[in-house]
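Working notes, structure below.
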There are 2 protein chains.
Amino acid sequence: MKAEVLKGHLEGMLLAVLESGEQHGYAIVEELKSRSGGHITLPTGTVYPALHRLETAGLIAGRWSVHGGRRRRSYTLTRAGNRALSEQRSSWREFADVVSGVLGVEPA
Amino acid sequence: MKAEVLKGHLEGMLLAVLESGEQHGYAIVEELKSRSGGHITLPTGTVYPALHRLETAGLIAGRWSVHGGRRRRSYTLTRAGNRALSEQRSSWREFADVVSGVLGVEPA
DNA sequence: GTCTATACATAACGTCGCTACCTATCGGCA
DNA sequence: TGCCGATAGGTAGCGACGTTATGTATAGAC
């Protein structure tokens with residue numbers, strides 16, 4: 001997966017992963033890897049700042065906990081996060097249709 | 001259409017527009033607007049630098065001409081540009097499938 | 001004892017689309 | 001005569017954000 005194509009789509013995917021329930025950063029990376037069939041392997045330097053942005057924006061809420069001696073920060077979707085997720089979904093649809101149309105590939 | 005989502009997809013679309021034949025920058029903007037159903041209206045500060053990048057990369061070839069007293073720079077796809085376009089198409093397909101999968105929207 | 005997996009973090013960097021602005025010609029309209 | 005909108009091209013500076021590189025720390029395996 002080429003680098004910059006993620007721009008603007010990453011945060012929606014993070015929200016989508018969190019929709020199934022509370023998860024911590026490291027687990028989100030693993031989950032995203034499996035959901036994408038191995039195509040998306042995010043460096044931690046990408047995902048942690050992104051989570052901080054989402055939390056600052058009020059789309060997710062984080063809390064610290066400890067498991068097996070290791071600290072974790074686990075996140076859940078806020079109500080605003082849920083709204084943002086459905087907006088992301090519909091704008092992704094629109095975007096994908098437009099790009100597919102211009103590129104002349106049948107819309108997936 | 002939100003801003004940065006274009007990142008990494010713009011150049012492929014420019015190549016796609018040029019696939020139908022030689023066109024100049026201003027006409028490309030209009031063509032893109034119509035092909036996208038009005039969803040993509042590129043500012044000239046976006047498209048001209050992008051065309052310069054594509055030309056520098058050897059994916060398109062430009063030449064000056066004059067029509068009705070106005071100068072134009074018209075571009076055509078090079079062989080490398082054609083290759084790049086089909087690569088863009090297949091990587092777009094892959095990307096779109098992956099994102100749709102993660103977001104949980106049926107692939108268009 | 002060293003290595004790998006787990007878990008989080010941040011500084012510096014590069015890319016690239018956008019905003020804002022500039023130059024210039026032509027045709028229409030007042 | 002003068003202004004405006006469409007046509008046609010250009011650049012400087014900015015900002016957003018994903019990446020690279022690096023650092024900290026614990027647990028378990030070998």
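Hydrogens, waters and symmetry mates are skipped; everything else that's a heavy atom, side chains included, is used. In what follows, every chain begins at residue 1, and chains take the letters A, B, ... in the order their sequences are listed. Note that the coordinates shown come from a computational prediction; the quantities given were computed from them, not determined experimentally.
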Taking the minimum atom-to-atom distance to the side chain of L6(A), which one of dG18(D), dA16(D), dC18(C) wins? dG18(D)
If you check every side-chain atom of R72(B), which of dT19(C), dA8(D), dA9(C) has the closest atom? dA8(D)
Any residue of residues 47-71 of chain A with a heavy atom less than 4.0 Å from an atom of DNA chain C: Y48(A), P49(A), H52(A), W64(A), R70(A), R71(A)
Heavy-atom contacts under 4.0 Å between residues 17-36 of chain B and DNA chain C, which residues? none
Shortest non-hydrogen contact from A84(B) to L15(B)? CB-CD1, 4.1 Å
Looking at every non-hydrogen atom in both residues, tell me the closest pair between I60(B) and L51(B) and how far apart they are. CD1-O, 3.6 Å
What's the angle between the local helix axes at either end of the helix from dG1(C)-dC30(D) to dA30(C)-dT1(D), using five pairs per end and rounding to 10 degrees? 0°
Whole-Å distance between [N] [atom2] and [X] [atom1]?
X      : N       : atom1 : atom2 : value
R73(A) : dT10(C) : CZ    : C1'   : 16 Å
L42(A) : dA21(D) : CG    : P     : 17 Å
K7(A)  : dG17(C) : NZ    : P     : 10 Å
L10(B) : dG17(C) : CG    : P     : 5 Å

Checking side-chain polar atoms at under 3.5 Å, does S100(A) have a donor or acceptor matched by the opposite partner on W92(B)? yes
Polar contact flag, side-chain donor to acceptor under 3.5 angstrom, R35(B)-S20(B): yes
OP1 or OP2 of dG9(D) less than 4.0 angstrom from a side-chain nitrogen or oxygen of T44(B), does that happen here? no
Do [X] and [Y] come within less than 4.5 Å of each other through their side chains, counting heavy atoms only?
X      : Y      : value
H9(B)  : V5(A)  : yes
T46(A) : L10(A) : yes
E22(B) : R63(B) : yes
V66(A) : R72(A) : no
E11(B) : Q88(B) : no

F95(A) and H39(B): aromatic ring centres closer than 6.0 Å? no
Can E94(A) and R89(A) be counted as an ion pair, charged N to O under 4.0 angstrom? no
